[in-house]
Amino acid sequence: MNDEKEALLDVRNLRVSFESYDARLEKVAFTAISDLGVMVNRGEILAVVGSSGSGKSLLAHAVMGILPENARTGGEMYYRGKPLTVREKARLRGREIAFIPQSVAFLDPLMRVGEQVRGVPGDSLRTKQREAFAHFDLKNETEKLYPFQLSGGMARRVLLSTAYVVDAELIIADEPTPGLDLELALEALKDFRAMADRGKGVILITHDIDLALHVADTISIFYDGRVVETADTDAFGGDGSGLRHPYSRALFGALPQNGFRLDRCPECDGSSATWIVDGKAMRCCCGDARG
Amino acid sequence: MLEVDNIGFRYGDGPWILKNVSFSVEEGERIALLGPSGYGKSTLAKVIAGYVEPAEGKVLWNGKPLPRKGYCPVQLIYQHPEQALDPRWKMEKSLFEAGPLDAEVVKAMGIRPMWFDRWPVELSGGELQRFCVARAMRRETRLLIADEMTTMLDALNQAHIWNVVLGYARRHRMALVAITHNKALAERVAERIVNVPELNRVKVDRSDL
Amino acid sequence: MPEVVHAGLSRPWLNRRRRILLVIGLGSLLLAGIFIGGMLLDPELYGPNYSARRMAPCPDHLFGTDYLGRDMFWRSIAGLSLSIRIGLLSAAISSLIALILGSMSAIFGGKVDSAVNYLVDLCMGVPHLILLILISIAMGGGARGVVTGVAVTHWPNLTRLIRAEVMQIRSAHYVQLSRKMGKSSLYIAVRHIVPHVFPQYAVGLILLFPHAILHEAGITFLGYGLPLDTPAMGIILSESMKYLAAGMWWLSFFPGAALVLTTQLFDLVGDYLKILIDPHSARE
């Protein structure tokens with residue numbers, strides 16, 4: 001078993017913002033990620049946990065180099081110790097670094113899924129593609145289908161097979177099991193565990209902290225553009241006392257199995273779900289002018 | 001009170017998605033329909049709320065079929081709030097579409113006044129869901145069906161929204177049907193848990209999920 | 001939080017958004033100018049002038065004159081204006097048919113939908129130029145014939161578009177919720193459905209204009225449209241054919257180019273409007 005703790009991906013101070021036009025035709029910059037740092041080692045599953053809209057999907061897009069044209073980035077990224085430049089990203093994309101998108105909407109609707117799974121290398125991967133489909137219990141005929149013909153479950157398994165086929169070193173999965181109950185989700189994700197055990201690195205992006213607690217080795221909590229805390233999954237267990245940041249503690253305490261409780265502001269009685277994170281603390285915004 | 005009597009549902013001649021489903025909900029009662037994906041929970045939600053007609057059986061509200069006109073006493077909250085809001089309406093317009101709301105409810109939900117002037121696309125899922133839920137918190141709503149209402153939300157938003165809903169339900173004796181696959185959540189919000197696989201005895205092909 | 005980035009950088013004023021608006025604005029102005037100007041022209045400007053016959057383009061007569069001494073520039077403007085008017089009228093009627101049929105099809109479904117679909121397929125199956133000519137002959141030619149012909153053959157595409165849009169919105173969750181909140185069909189139609197469909201409809205209508213205009217010119221050229229004494233583009237062009245061999249190239253070149261440019265301008269304005277309406281264009 002390979003247990004060198006090689007850092008596969010090292011992201012530091014990542015910043016992603018978008019330019020667009022507001023109603024008055026002024027150019028406006030919207031910062032989705034202001035300061036994100038994550039590290040994934042070999043053999044490790046890192047879960048990046050954040051609420052919907054927190055920008056966590058953008059991390060995947062940034063690493064893959066597939067952000068939209070109006071995106072502006074900052075910060076540094078290293079893959080296996082070397083800087084991850086635009087050229088490197090293009091080289092590694094779909095080969096060493098695989099991305100499993102959220103839904104079939106990310107696939108070309110006019111191309112059969114078999115072809116898409118085989119990707120850029122094409123026919124040379126046909127055997128591997130058939131292997132992958134078999135592994136995920138997909139019939140051979142599935143390769144001739146178009147994305148819109150896939151049922152929810154089939155779609156998910158086709159997306160998973162894209163990473164399996166190229167035998168990537170780093171796999172980034174964006175919400176791979178949306179809305180599934182825990183049992184099914186864990187079943188679906190057991191392949192990630194197998195991949196990690198074989199020395200790969202996996203980044204799991206999700207909003208479901210419960211899922212992350214069951215599957216991941218390390219959890220990075222992402223809030224409003226920055227990573228608030230990174231902790232080993234063990235620290236979450238039990239009473240969550242291993243957590244340091246108040247947001248992490250709040251998240252932990254709010255889980256139905258842990259208390260389903262939220263702190264309340266002494267002044268306005270607003271629950272901590274409405275508070276904002278201010279550096280290393282959380283505070284209620286009842287004092288803010290904008291209300 | 002709601003009475004679900006021997007409901008069956010399928011698309012055309014396809015396989016039965018719901019078969020012989022029966023249960024009832026009293027006024028002010030809070031139950032959970034607990035079950036994993038694939039057991040037709042969402043379809044059941046739509047049938048109970050009157051969005052689709054069952055192929056067999058009937059849904060009765062206080063002994064009569066669900067009213068088709070006017071504000072329906074049975075309201076459904078979807079899993080995806082983005083789909084439950086008109087993208088061309090500002091948030092304020094959507095929030096008050098059914099009429100004025102209790103200011104306390106809006107405040108308790110943590111809906112900030114500065115969001116009123118925003119478009120749905122500018123807000124996050126958690127923020128949108130607060131609007132959707134607040135919209136249903138009115139005197140005319142006698143039974144709320146929450147179909148995986150907080151499944152796509154983070155733990156804080158989930159706890160927050162449920163707290164408000166439970167408080168409101170208690171105060172106004174509003175009945176609640178919480179549909180979820182999360183056992184811990186079901187135990188927190190319901191007085192009685194109904195196991196969906198036992199309720200809906202259809203052949204479910206879980207391999208396709 | 002969004003920060004306003006005041007671009008004091010390269011190209012401060014003319015970013016994409018402003019460019020789009022500029023094109024739409026100028027384009028519309030030009031088209032309106034031709035349209036209105038043509039109507040207000042003094043007929044003498046493009047009337048016969050026997051002292052200036054068969055003149056090649058020169059400073060006095062930018063597009064030259066024809067065998068009757070008529071100034072081709074002003075004649076073209078008058079002709080374009082007429083074509084635009086007829087095009088507008090037929091496109092408007094056509095789009096109205098599309099709106100009604102498309103909406104009814106989506107709202108009532110069932111037999112109504114099948115009937116409309118059948119009609120659409122029928123109309124699209126026949127080569128529409130032939131149908132157009134047949135209809136305008138049947139209507140007795142002239143402006144009435146042209147307008148009817150064009151109107152009756154151009155509604156299928158827009159109908160399908162509207163039908164698809166309305167069907168999609170009707171099945172949206174927020175529309176169903178609206179009904180459950182007690183809202184009437186009228187309320188839903190006016191507050192939810194129309195605001196969604198209208199922009200698509202408007203763009204579809206504008207893009208229909210150049211098509212209609214070219215058809216009018218086409219039929220008139222073939223002799224099935226407007227009467228010979230009107231300064232219509234089709235007439236101008238068909239007459240000019242007789243003089244090509246005589247070397248009077250300007251009689252067909254300039255009017256033809258003007259017609260093409262005008263229709264292209266409509267297309268341009270329509271396309272840019274489409275971009276403006278499409279929310280994805282907000283990102284550069």
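This one's a predicted model, so the numbers in the text were calculated from it and none came from an experiment.
Heavy atoms from other residues, nucleotides or ligands lying under 6.0 Å from NZ of B/K46 number 12 at most. Heavy-atom neighbours of A/K144 NZ from other residues, nucleotides or ligands within 6.0 Å: at or below the threshold of 12. Sparse packing is recorded around CZ of A/R261, with 12 or fewer heavy atoms of other residues, nucleotides or ligands lying under 6.0 Å away.
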Throw together a table of side-chain donor-acceptor distances under 3.5 angstrom for residues 185-194 of chain B, partners on residues two or more places apart or in other chains.
residue: B/E187; atom: OE2; partner: B/K183; partner atom: NZ; Å: 3.2
residue: B/R188; atom: NE; partner: A/P256; partner atom: O; Å: 2.7
residue: B/R188; atom: NH2; partner: A/P256; partner atom: O; Å: 3.3
residue: B/E191; atom: OE1; partner: B/R30; partner atom: N; Å: 2.9
residue: B/R192; atom: NE; partner: B/E29; partner atom: OE2; Å: 2.8
residue: B/R192; atom: NH2; partner: B/S24; partner atom: O; Å: 2.8
residue: B/R192; atom: NH2; partner: B/E29; partner atom: OE1; Å: 3.4
residue: B/R192; atom: NH2; partner: B/E29; partner atom: OE2; Å: 3.1

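For residues 126-148 of chain B, heavy-atom neighbours of chain A at less than 4.5 Å comprise B/G126, B/R130, sorted by residue number.
One distance of note links CG of B/N157 with NE2 of A/H207; it measures 10.5 Å at 0.5 Å rounding. A distance of 11.5 Å separates CD1 in A/I209 from CD in B/Q158, rounded to the nearest 0.5 Å. To the nearest 0.5 Å, atoms CG (B/D154) and OH (A/Y223) are separated by 9.0 Å.
Here the shortest heavy-atom pairing between A/L251 and B/A155 reads O-CB, 3.6 Å.
Residues B/N182 and A/L182 have side chains not in contact (no heavy-atom distance under 4.5 Å, counting atoms from C-beta outward).
With sequence neighbours excluded, the residues that form a ring-ring contact (aromatic ring centres under 6.0 Å, His included) with B/W89 are C/H192.
Legend: ring-ring contact (aromatic ring centres under 6.0 Å, His included) pairs involving residues 4-38 of chain B, not counting sequence neighbours, sorted by first then second residue: B/F9-B/Y11.
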